[in-house]
Amino acid sequence: MWVLDEPAMAKAGAALADVLRAGDVVALSGPLGAGKTTLVRGVLAALGHVGEVPSPTFAIVQPYDATSLPVSHADLYRLEDPSEIEELGLEDQLLDGALLVEWPERAGEAAWPQALRLSLQPRPEGRRALTWVVPGAWEGRWPPPQNLT
Ligand SMILES: Nc1ncnc2c1ncn2[C@@H]1O[C@H](COP(=O)(O)OP(=O)(O)O)[C@@H](O)[C@H]1O
Ligand SMILES: [Mg+2]
């Protein structure tokens, strides 16, 4: 577990960007306002994205392809049924890029078994606790060796 202030979140995003590959899925859990989109901004900045990273709550998926690795940023908060996932074309985008998903729970329990699962929890003093569950596909890649706190 790491306890991160906002600048440390950008560093955590950069550390994730360093090890991210095409085909990877990162599931970002945590309540509204936990900092999921903030972490995605850190990843995208480290991959060379310049400009805004809106919360894709209404669009559901926002692709970025002017980055060193194409990234799709999804926010499934407004998904009403896991069956809607297929219409989003996320699997196609994984062929040459990575997928960062907020509210992955909306896709159902069985979705993305090889996703790196990151969870953010606000702490009383304001920082965020970041915890993770690492599947086989991510062994040796997460957590990174550098100290972020
Ligand atoms: N590590 C942090 N420490 C303190 N505040 C943070 C941290 N990460 C994000 N925030 C703030 O929390 C708010 C919500 O962040 P956001 O990334 O939009 O959350 P989410 O996507 O989980 O709903 C923003 O105002 C952001 O500046
Ligand atoms: Mg968000």
Side-chain angles (χ1 to χ4, degrees), residues 1-20 23-94 97-109 111-135 138 141-149:
M1 180 181 87
W2 293 333
V3 179
L4 305 171
D5 59 15
E6 204 158 336
M9 253 346 215
K11 288 191 210 163
L16 183 54
D18 273 350
V19 296
L20 203 59
D24 281 339
V25 179
V26 179
L28 291 164
S29 298
L32 272 178
K36 302 179 294 296
T37 300
T38 303
L39 188 62
V40 171
R41 289 187 178 119
V43 174
L44 286 168
L47 293 175
H49 173 71
V50 179
E52 295 201 6
V53 176
S55 180
T57 308
F58 293 96
I60 302 193
V61 191
Q62 180 66 50
Y64 296 88
D65 54 15
T67 38
S68 49
L69 173 74
V71 168
S72 293
H73 176 202
D75 183 334
L76 306 184
Y77 188 69
R78 298 203 172 257
L79 212 69
E80 297 195 342
D81 189 274
S83 65
E84 294 169 41
I85 284 282
E86 286 162 40
E87 295 157 31
L88 300 174
L90 299 178
E91 299 306 319
D92 287 348
Q93 298 180 38
L94 279 170
L99 172 62
L100 309 181
V101 196
E102 300 184 40
W103 297 97
E105 300 80 7
R106 298 284 202 270
E109 288 290 312
W112 305 304
Q114 285 302 315
L116 174 65
R117 304 204 168 267
L118 301 181
S119 296
L120 285 162
Q121 268 311 321
R123 288 164 59 97
E125 94 284 351
R127 292 181 300 167
R128 310 301 202 245
L130 174 68
T131 55
W132 46 80
V133 177
V134 181
W138 281 84
R141 288 197 285 158
W142 196 265
Q146 63 265 42
N147 186 2
L148 292 160
T149 51

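All ligand and atom numbering here is 1-based and tracks the order in the structure.
- By the 4.0 Å heavy-atom criterion, Pro31 is counted among the residues contacting ligand 1.
- When only interatomic distances are considered, the shortest N/O to N/O separation between Arg127 and ligand 1 does not fall below 3.5 Å.
- Of the options Val40, Asp24, Leu118, a side chain to side chain contact (heavy atoms under 4.5 Å, CB included) to Leu16 is made by Leu118 and by none of the others.
- Counting only heavy atoms of the protein, atom 18 (O) of ligand 1 lies nearest to Thr37 CB, 4.0 Å.
- Atom OE1 is the N, O or S atom of Glu102 at the shortest distance from the Mg ion (ligand 2).
- Residue Leu32 approaches ligand 1 through these ligand atoms, each under 4.0 Å from one of its heavy atoms: 23 (O).
- Proximity of Trp103 to Leu32: side-chain heavy atoms (C-beta onward) are separated by under 4.5 Å at one or more points.
- With ligand atoms numbered from 1 in the order given, ligand 1 contributes 3 (N), 4 (C) to contacts under 4.0 Å with heavy atoms of Gly126.
- The closest protein non-hydrogen atom to atom 2 (C) of ligand 1 is Arg128 CG, 3.4 Å.
- There is no protein heavy atom less than 4.0 angstrom from atom 24 (C) of ligand 1.
- Heavy-atom minimum distance, Pro144 versus Ala15: CG-CB, 3.8 Å.
- Atoms of ligand 1 lying under 4.0 Å from any heavy atom of Lys36, numbered from 1 in the order shown and given with element: 17 (O), 19 (O), 20 (P), 21 (O), 22 (O), 23 (O).
- Nearest protein neighbour of atom 9 (C) of ligand 1, counting heavy atoms only, is Thr38 OG1, 3.3 Å.
- Looking at Gly33 next to ligand 1, an N or O pair under 3.5 Å apart turns up.
- A salt bridge between Glu125 and Arg127 is present, with a side-chain N of the basic residue lying under 4.0 Å from a carboxylate O of the acidic one.
- Within the coordination shell of the Mg ion (ligand 2), defined by N, O or S atoms under 2.8 Å, Thr37 is present.
- Applying the 4.0 Å criterion to heavy atoms of Met9 picks out, from ligand 1, the atoms 1 (N), 8 (N).
- No donor-acceptor pair under 3.5 Å is formed between the side chain of Arg117 and the backbone N or O of Ala27.
- Counting heavy atoms under 4.0 Å from ligand 1, residue Asp5 touches it through the backbone alone.
- The ligand atoms of ligand 1 that sit less than 4.0 angstrom from a heavy atom of Glu102 are 21 (O).
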Step-by-step ring-ring contact (aromatic ring centres under 6.0 Å, His included) determination, Trp2 to Trp142: CA-CA 12 Å; Trp2 293 333; Trp142 196 265; 5.5 Å; yes
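- For atom 20 (P) of ligand 1, a protein heavy-atom neighbour is present inside the 4.0 Å cut-off.
- Looking from atom 1 (N) of ligand 1 to the surrounding protein, the closest heavy atom is Leu4 O, 2.9 Å.
- Among the atoms of Arg41, none of the N or O lies under 3.5 angstrom from an N or O of ligand 1.
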